[in-house]
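Heads up, the thing below is written out as structure tokens.
The analysis underlying the following values was restricted to heavy atoms, covering all of them including side chains, and did not include hydrogens, waters or symmetry mates.
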Amino acid sequence: MSVHSDWGDWLPTAVAEADPDGLDLWYLGCNGFALKTSDETTVFIDPYLGIGDPPRTVRMIPIPFAPEDVRSADALLATHEHTDHTHGPSQAPILTGTDAEFFGPSASAEIARAWTNEYGVDADGISEIVEGDTLEIGSLTVHVEPAHDPDADHPVSYVVEHDSGTFFHGGDARPSEAFEDIGSRYDIDLAVVAFGSSGMIPDKQTREPTYTKWYADENMAAEAANQLRTDRLLPTHWDMWKGLTADPSALRDHVRSFEHPRTLEVLEIGDRTSV
């Protein structure tokens, strides 16, 4: 299955031609990000370019690029094994078309290993990581940390350190003691927390409408930001699935009385920000 881009190649071209002063990132929609540093280190986290599984899960935002149009990447990180975080059609062409290495926890790495036959991915370029690992990727130091996601088999979170600041990506994780611990050990400038509504989504097997809560709601997102002690909160995933979308600006009323975050930052798909 190939990916058709709704936007042509302007977004990966913008990343390739960017010259950040420190660490910049682009929101790819869903929970995906492209990170690029002043020395051109480029990392993708959870890029997903699929349409879901209609009518069960229906993509509500554009597909911003074709993976074959990614010119350069040093690493691709997966937070967990769900399709919208570990996805062959989205990620294998990035691996085969660049020098990127795949890093993911056990369940994600198991999926990626199948790409060696299906997509021609080099098996040596797939690395299984565990909580406590530290990766040195160009000018980035990436710490693999725990994550509480009751819907995933093996989720992790990432703390990405650069001279210009520290970025946290929690995957689809919810508030937990793990976030408390991470917040006590790192000085996080910008944290990603998956946010969305609850809804009635068809069950994967029976297709019967089933109450579904996959992401943090307003109060949980505020709690997560406070646990992480982050300066800036960046909500994600709210744009993606029909029936589970939400208004991220609603978080302002939920976070404004807490010490953390100091700022709520809302990005739309394709937007760029700095850490």
(request) Before accepting this row, confirm whether a basic side-chain N of the pair D24/R272 lies closer than 4.0 Å to the acidic partner's carboxylate O. (result) yes

(request) Look at the rings of H85 and H237 and say which category their plane angle falls in: under 30° parallel, 30 to 60° tilted, over 60° perpendicular. (result) tilted

(request) Work out which heavy atom in A18 is nearest to a heavy atom in K36; give both atom names and the distance. (result) O-NZ, 2.9 Å

(request) Would you give the length of the straight line joining atom CG of D19 to atom OG1 of T37, rounded to the nearest 0.5 angstrom? (result) 10.0 Å

(request) Specify the closest pair of heavy atoms between P67 and S90, including all atoms of both residues, with the distance to one decimal. (result) CB-O, 3.2 Å

(message) Between Y215 and L244, does the side chain to side chain contact (heavy atoms under 4.5 Å, CB included) criterion hold? Intermediate values first, please.
(response) CA-CA 9 Å; Y215 316 113; L244 300 180; 4.3 Å; yes

(message) Ring-plane angle category for F33 and H169, please: parallel below 30°, perpendicular beyond 60°, tilted otherwise.
(response) perpendicular

(message) In this structure, would L25 and V159 fall into the same cluster of hydrophobic residues linked by side-chain contacts under 4.5 Å?
(response) no

(request) Scan side-chain atoms only and decide if Y211 and S198 contain a donor-acceptor pair under the 3.5 Å cut-off. (result) yes

(message) For a 4.5 angstrom cut-off between non-hydrogen side-chain atoms, does R229 reach S184?
(response) yes

(request) Would you mind reporting whether L35 and T42 have side-chain heavy atoms less than 4.5 Å apart? (result) no

(message) Any non-hydrogen side-chain atom of F168 less than 4.5 Å from a side-chain atom of L190?
(response) no

(request) Compare all side-chain heavy atoms of T13 with those of D69 and state whether any distance is below 4.5 angstrom. (result) no

(message) Between F102 and W115, is the ring centroid distance below 6.0 Å?
(response) yes

(message) Counting neighbours of NZ on K213 that are heavy atoms of other residues, nucleotides or ligands and sit closer than 6.0 Å, is the number greater than 12?
(response) yes

(request) Answer yes or no: is there an ion pair linking R113 with E128, defined by an N-O contact shorter than 4.0 Å? (result) yes

(message) Quick test of your reading of the model: are D151 and R174 salt-bridged, counting only N-O distances below 4.0 Å?
(response) yes

(message) I'd like to check T116 versus D122 (side-chain heavy atoms, cut-off strictly below 4.5 Å). Are they in contact?
(response) no

(request) Drop me the distance from E265's CD to Y27's OH, to the nearest 0.5 angstrom. (result) 12.5 Å

(message) Before we go on, tell me: are the rings of H143 and Y186 under 6.0 Å apart, centre to centre?
(response) yes

(request) Answer with yes or no whether the hydrophobic clustering places M60 together with M200; edges join I, L, V, M, F, W, Y residues whose side-chain heavy atoms lie under 4.5 Å apart. (result) no

(request) Compare every heavy atom of S38 with every heavy atom of D21, then report the nearest pair and how far apart it is. (result) O-CB, 3.6 Å

(request) Find out if a path of hydrophobic residues (ILVMFWY) with successive side-chain heavy-atom gaps under 4.5 Å connects M240 to V3. (result) yes

(request) Using the side chain to side chain contact (heavy atoms under 4.5 Å, CB included) rule, pick out the option among T230, T79, D46, T236 that qualifies with V192. (result) T236

(request) Answer yes or no: is there a side-chain heavy-atom contact under 4.5 Å between V156 and I129? (result) yes

(message) With heavy-atom distances below 4.5 Å as the criterion, would you say the side chains of N31 and D172 are in contact?
(response) yes

(message) Return the NE2 to OG1 distance between H82 and T57, rounded to the nearest 0.5 Å.
(response) 11.5 Å

(request) May I ask whether V130 and Y158 are part of the same hydrophobic cluster, defined by side-chain heavy atoms of I, L, V, M, F, W, Y residues being less than 4.5 angstrom apart, directly or through others? (result) no

(message) Using side chain to side chain contact (heavy atoms under 4.5 Å, CB included), reason through V70 and T98 one step at a time and then give a plain yes or no.
(response) CA-CA 8 Å; V70 174; T98 71; 4.2 Å; yes

(request) Report the C-alpha separation of T166 and D187 in whole Å, then their side-chain angles, then the decisive distance to 0.1 Å, and conclude whether the side-chain hydrogen bond (donor to acceptor under 3.5 Å, both in side chains) test is met. (result) CA-CA 7 Å; T166 300; D187 183 9; over 6 Å; no

(request) Evaluate whether atom CG of D253 has more than 12 neighbouring non-hydrogen atoms of other residues, nucleotides or ligands under 6.0 angstrom away. (result) yes

(request) Identify the two heavy atoms, one from E259 and one from R262, that lie closest to each other, and give their separation to 0.1 Å. (result) O-CG, 3.7 Å

(request) Supply the atom-to-atom distance H4 NE2 to L49 CG, rounded to the nearest 0.5 angstrom. (result) 12.0 Å

(request) Check the side chains of E131 and H154 for a donor-acceptor pair under 3.5 angstrom, ignoring hydrogens and angles. (result) yes

(message) Hydrophobic clustering (ILVMFWY, side-chain heavy atoms < 4.5 Å, transitive) - are V58 and I61 grouped together?
(response) no

(message) Counting only heavy atoms from other residues, nucleotides and ligands, does the tally under 6.0 Å from CG of D99 exceed 12?
(response) no

(message) Assess whether a salt bridge exists between D203 and R207, defined as any Lys/Arg side-chain N lying under 4.0 Å from an Asp/Glu carboxylate O.
(response) no

(request) Count the heavy atoms belonging to other residues, nucleotides or ligands that lie under 6.0 Å from CD of E136, then report whether that count exceeds 12. (result) yes

(message) Taking the side chain as everything from C-beta on, heavy atoms only, tell me whether H148 gets closer than 4.5 Å to F179.
(response) no

(request) Specify the closest pair of heavy atoms between F195 and P235, including all atoms of both residues, with the distance to one decimal. (result) CB-CB, 4.1 Å

(request) Show your reasoning for whether side chain to side chain contact (heavy atoms under 4.5 Å, CB included) applies to L11 and L28. (result) CA-CA 9 Å; L11 184 54; L28 308 178; 3.9 Å; yes

(message) Can a side-chain donor-acceptor contact be found between T86 and Q91 if the only test is distance below 3.5 angstrom?
(response) no

(message) Just verifying a value: how many Å separate H260 NE2 and L228 CG, rounded to the nearest 0.5 Å?
(response) 10.0 Å

(message) Looking at every heavy atom in both W26 and A14, which two are closest together, and how far apart are they?
(response) CZ2-O, 4.3 Å

(message) For a quick check under 3.5 Å, do T41 and D74 share a side-chain donor-acceptor pair by atom type?
(response) no

(request) Give a yes or no on this: more than 12 heavy atoms of other residues, nucleotides or ligands lie within 6.0 Å of atom CD of E110. (result) no

(request) Please lay out, stage by stage, how H254 and R252 fare under the test side chain to side chain contact (heavy atoms under 4.5 Å, CB included). (result) CA-CA 5 Å; H254 293 263; R252 298 190 191 281; over 6 Å; no

(message) Quiz question: by atom type and distance under 3.5 Å, do the side chains of S72 and E40 form a donor-acceptor pair?
(response) no

(request) Over 60° means perpendicular and under 30° means parallel, so classify the ring planes of H87 and Y48, tilted if in between. (result) perpendicular

(request) State which residue, out of L77, T134, D133, fulfils the side chain to side chain contact (heavy atoms under 4.5 Å, CB included) condition with V142. (result) L77

(message) Once rounded to the nearest 0.5 Å, what's the spacing between atom OG1 of T210 and atom CD1 of I201?
(response) 9.0 Å

